[in-house]
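Single-structure report; data block below.
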Amino acid sequence: MGSIQVDQFRGCGQISVPFLARTKTIGDSGEELALDTRSLWPNGSVLTVRIFGASPFVASKIQQFANVWSEFANLTFNFVNSGDTDIRVFVTPGGSWSYIGTGSKGVAQNEPTMNFGWFDDTTADEEFSRVIIHEFGHAIGCIHEQSSPVAHIPWNKDVVYAYYLKSNGWDKAMVDSNVFAVADQANTIETAFDRTSIMEYPYSPEWTTDGSSAGWNRVLSDQDKTFIMQRYPRSGPVRTTNDGVYLVNCFKDNQISSGIAYYSFLGSNDGKQPTAYIDVAKGTNILWEGTPGSATFPDGNKVSWSIVANGNSLPTYSRVGTASNLQEHWNVYKDNYRVLYEVDGWKCYCVYWCF
């Protein structure tokens with residue numbers, strides 16, 4: 001892609017548990033979809049939110065775009081006008097930022113846990129969407145995408161230092177903390193690096209040594225949606241490991257099969273060969289729905305599944321059943337029948353994913 005006009009970009013600051021003592025007005029900054037495991041809310045939480053200093057129009061936009069997360073995560077935002085709250089949103093000039101997840105619990109009730117620094121009644125919807133969804137992503141535990149332990153962005157640090165010194169007045173220590181810092185793997189659950197994540201900042205090719213870049217992300221990516229569903233599922237098991245399986249239908253010329261593709265890391269797997277694969281049916285596509293089934297891999301690991309009879313007619317991302325192997329249990333979700341991977345002339349389409 002072409003260069004990004006980073007001079008037009010305003011980002012956010014994230015404040016995580018180890019950094020609660022830092023000043024909160026850290027201005028503008030920028031990160032894959034990853035979660036700080038120390039900061040997750042209990043699954044199914046109803047989080048009370050109060051907005052300060054916003055016009056009725058801006059307040060309505062904050063509610064509208066915050067609730068995008070609730071379409072996929074088993075979390076509810078309850079907006080109130082009084083009383084103690086979990087999240088306090090201020091709309092005051094300056095930077096936009098948020099505490100990470102439950103880090104907000106350590107903040108006094110008269111202090112903000114989130115700020116929006118440039119909203120008014122003339123702000124465009126795409127800007128409301130970009131910033132509000134991003135900041136509420138922080139509020140439910142998501143860190144910046146570039147902070148993920150698996151991002152490995154080859155920064156051209158001198159260029160980035162110069163940009164933030166000119167645009168934000170940041171010294172190198174501030175840039176190191178807000179842009180280059182990498183989260184501790186021991187405290188992080190992440191997908192593979194996703195440049196389209198709502199939690200990723202745009203950065204131009206000039207900012208990296210290999211010319212890679214990220215564009216303007218204003219909505220949840222597919223990976224954002226599936227990942228947050230896995231971490232805050234509406235029912236079934238809550239997973240803390242990253243493996244799982246896809247139930248696939250495969251085609252090669254006039255040949256047909258169905259099978260199970262196991263990935264030791266179930267994340268951004270499109271185009272990647274599975275860790276292990278087993279055919280469930282050859283010469284036909286299996287009917288995955290209605291009747292429970294199972295298949296055993298050569299190593300003896302048996303995978304079983306049970307999907308509701310109308311699973312194929314439900315919307316993408318719907319939870320449609322359960323699955324398990326000898327070690328663990330998974331939720332089953334409807335996929336959009338995309339090509340998951342190709343091998344030896346076969347194209348394998350994802351019908352369901354189990355995590």
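The shown structure was predicted, so the numbers you read here are calculated from the model rather than taken from an experiment. Only heavy atoms go into these numbers, but all of them, side chains included; no hydrogens, no water, no symmetry mates.
Inter-residue side-chain proximity for Ile278 and Val303 is flagged as unmet; no heavy-atom pair is nearer than 4.5 Å. Under the 4.5 Å side-chain criterion, counting only non-hydrogen atoms from C-beta, Leu165 is not in contact with Tyr163. Proximity of Asp86 to Val49: side-chain heavy atoms (C-beta onward) are nowhere separated by under 4.5 Å. Looking only at side-chain heavy atoms (C-beta outward), Val245 and Trp353 stay at 4.5 Å or farther from each other. Two residues are said to be in side-chain contact when any heavy atoms from C-beta on lie closer than 4.5 Å; Thr208 and Ile153 meet this criterion. In this structure, the side chains of Ser212 and Pro205 stay at 4.5 Å or more apart for every pair of heavy atoms. A heavy-atom distance below 4.5 Å is found between the side chains of Tyr232 and Trp41. Inter-residue side-chain proximity for Val58 and Asp121 is flagged as met; some heavy-atom pair is nearer than 4.5 Å.
Annotation: side-chain contact (heavy atoms from CB on, under 4.5 Å) contacts of Asp158 (sequence neighbours excluded): Asn156, Tyr161.
Lys252 NZ: more than 12 foreign heavy atoms inside a 6.0 Å radius.
When atom types are taken as modelled, the side chain of Gln109 and the backbone of Thr85 share a donor-acceptor pair closer than 3.5 angstrom. Judged purely by atom type and a 3.5 angstrom limit, Asn43 has no side-chain atom pairing as donor or acceptor with the backbone of Arg234. The main-chain N or O of Gln63 is found under 3.5 Å from a side-chain atom of Asn67 such that the two form a donor-acceptor pair. In this structure, Arg50 contributes its side chain and Asn81 its backbone to a donor-acceptor pair below 3.5 Å. In this structure, Thr296 contributes its side chain and Gly300 its backbone to no donor-acceptor pair below 3.5 Å. The backbone N or O of Leu326 lies less than 3.5 Å from a partner atom in the side chain of Asn301, making a donor-acceptor pair. A distance-only check finds a donor-acceptor pair linking the side chain of His134 to the backbone of Ile198 [under 3.5 Å]. Trp346 places no side-chain N or O within 3.5 Å of a backbone atom of Ile256 that could act as its donor or acceptor partner. Using a distance-only test at 3.5 Å, with no hydrogens or angles considered, no donor-acceptor pair links the side chain of Asp335 to the main chain of Tyr317. In this structure a side-chain-to-backbone donor-acceptor pair under 3.5 Å is present from Arg88 to Val107.
Sorted by first then second residue, the disulfide (SG to SG under 2.5 Å) pairs that include residues 303-345, not counting sequence neighbours, number zero.
No path of Ile, Leu, Val, Met, Phe, Trp and Tyr side chains, each step under 4.5 Å between heavy atoms, connects Met229 with Val219, placing them in separate hydrophobic clusters. By the rule that hydrophobic residues join a cluster once side-chain heavy atoms approach within less than 4.5 Å of another member, Phe57 and Ile133 end up as members of one cluster. Taken together through direct or relayed side-chain contacts under 4.5 Å among Ile, Leu, Val, Met, Phe, Trp and Tyr, Leu287 and Val320 form parts of separate hydrophobic clusters. One hydrophobic cluster, built from ILVMFWY side chains closer than 4.5 Å, holds both Phe251 and Val339.
A distance below 6.0 Å separates the ring centres of Phe180 and Trp155. Taking the centre of each ring, Trp207 and Tyr164 come in below the 6.0 Å mark. In this structure, the ring of Tyr246 has its center less than 6.0 angstrom from the ring center of Tyr263.
For Arg338 and Asp270, the salt-bridge test passes: some basic side-chain N is under 4.0 Å from an acidic carboxylate O.
Between the OG atom of Ser257 and the CG atom of Asn249 there is a distance of 8.0 Å, given to the nearest 0.5 Å. To the nearest 0.5 Å, atoms OG1 (Thr113) and CD1 (Ile87) are separated by 6.0 Å. Put simply, OG on Ser313 and NZ on Lys334 are 7.0 Å apart, with the number rounded to the nearest 0.5 Å. From Tyr352, atom OH reaches atom CG of Asn312 across 4.5 Å, with rounding to the nearest 0.5 Å. Here the straight-line distance linking atom OG of Ser304 with atom NE2 of His329 works out to 9.5 Å at 0.5 Å rounding. The distance from atom CZ of Arg231 to atom SG of Cys142, rounded to the nearest 0.5 Å, is 11.0 Å.
The two residues Asn331 and Pro233 make their nearest non-hydrogen contact at ND2-CB, 3.8 Å. Considering all non-hydrogen atoms of both residues, Ser264 and Thr275 come closest at N-OG1, 3.0 Å. The shortest heavy-atom contact between Val248 and Cys350 is CG1-CA, 4.1 Å. Across all their heavy atoms, Ala59 and Ala54 have their closest contact at N-CB, 4.0 Å. Taking every heavy atom of both residues into account, Pro42 and Leu75 meet most closely at O-CD2, 4.0 Å. Nearest heavy-atom pair across Ile62 and Val89 is CD1-CG1, 4.2 Å.
Taking the six-membered ring where the residue is Trp, Phe79 and Phe136 present tilted rings, their angle falling between 30° and 60°.
The other residues sharing a hydrophobic cluster with Phe90 are Phe52, where clustering joins ILVMFWY side chains under 4.5 Å apart.
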### Message
Let's go through Thr316 and Asn336 carefully: what are the C-alpha distance in whole Å and the side-chain angles of both, what is the deciding distance for side-chain hydrogen bond (donor to acceptor under 3.5 Å, both in side chains) to 0.1 Å, and is it a yes or a no?
### Response
CA-CA 6 Å; Thr316 302; Asn336 59 3; 5.7 Å; no
### Task
Determine, step by step, whether Cys354 and Leu247 satisfy the side chain to side chain contact (heavy atoms under 4.5 Å, CB included) criterion, reporting the C-alpha distance in whole Å, the side-chain angles of both residues, the deciding distance to 0.1 Å, and the verdict.
CA-CA 8 Å; Cys354 312; Leu247 308 182; 4.0 Å; yes
### Task
Could you please spell out the steps behind the side-chain hydrogen bond (donor to acceptor under 3.5 Å, both in side chains) verdict for Trp118 and Glu127?
CA-CA 10 Å; Trp118 51 81; Glu127 181 70 355; 2.9 Å; yes
### Task
Begin with the C-alpha distance, continue with both residues' side-chain angles, and end with the deciding distance and a verdict on side chain to side chain contact (heavy atoms under 4.5 Å, CB included) for Ile260 and Val280.
CA-CA 7 Å; Ile260 301 174; Val280 176; 3.7 Å; yes
### Message
Set out, in order, the CA-CA distance, both residues' side-chain angles and the distance that settles side-chain hydrogen bond (donor to acceptor under 3.5 Å, both in side chains) for Thr196 and Asn217, then state yes or no.
### Response
CA-CA 6 Å; Thr196 66; Asn217 301 327; 5.7 Å; no
#### Entry: Check against side chain to side chain contact (heavy atoms under 4.5 Å, CB included), Phe116 and Ile132
CA-CA 8 Å; Phe116 295 115; Ile132 295 168; 4.0 Å; yes
### Query
Between Ser60 and Phe128, does a side chain to side chain contact (heavy atoms under 4.5 Å, CB included) hold up when you go through it step by step?
CA-CA 11 Å; Ser60 72; Phe128 281 129; over 6 Å; no
### Task
Begin from the C-alpha positions of Asn78 and Thr48 and carry the test side-chain hydrogen bond (donor to acceptor under 3.5 Å, both in side chains) through to its verdict.
CA-CA 5 Å; Asn78 179 30; Thr48 54; over 6 Å; no
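Using modelled atom types and a 3.5 Å distance limit, the side chains of Asn269 and Tyr341 yield no donor-acceptor pair. For the residue pair Thr92 and Asn115, a side-chain donor N or O sits within less than 3.5 Å of a side-chain acceptor on the partner.
Geometrically, Lys61 does not engage Phe119 in a cation-pi contact, judged by NZ or CZ lying under 6.0 Å from the ring centre and within 45° of the ring axis.
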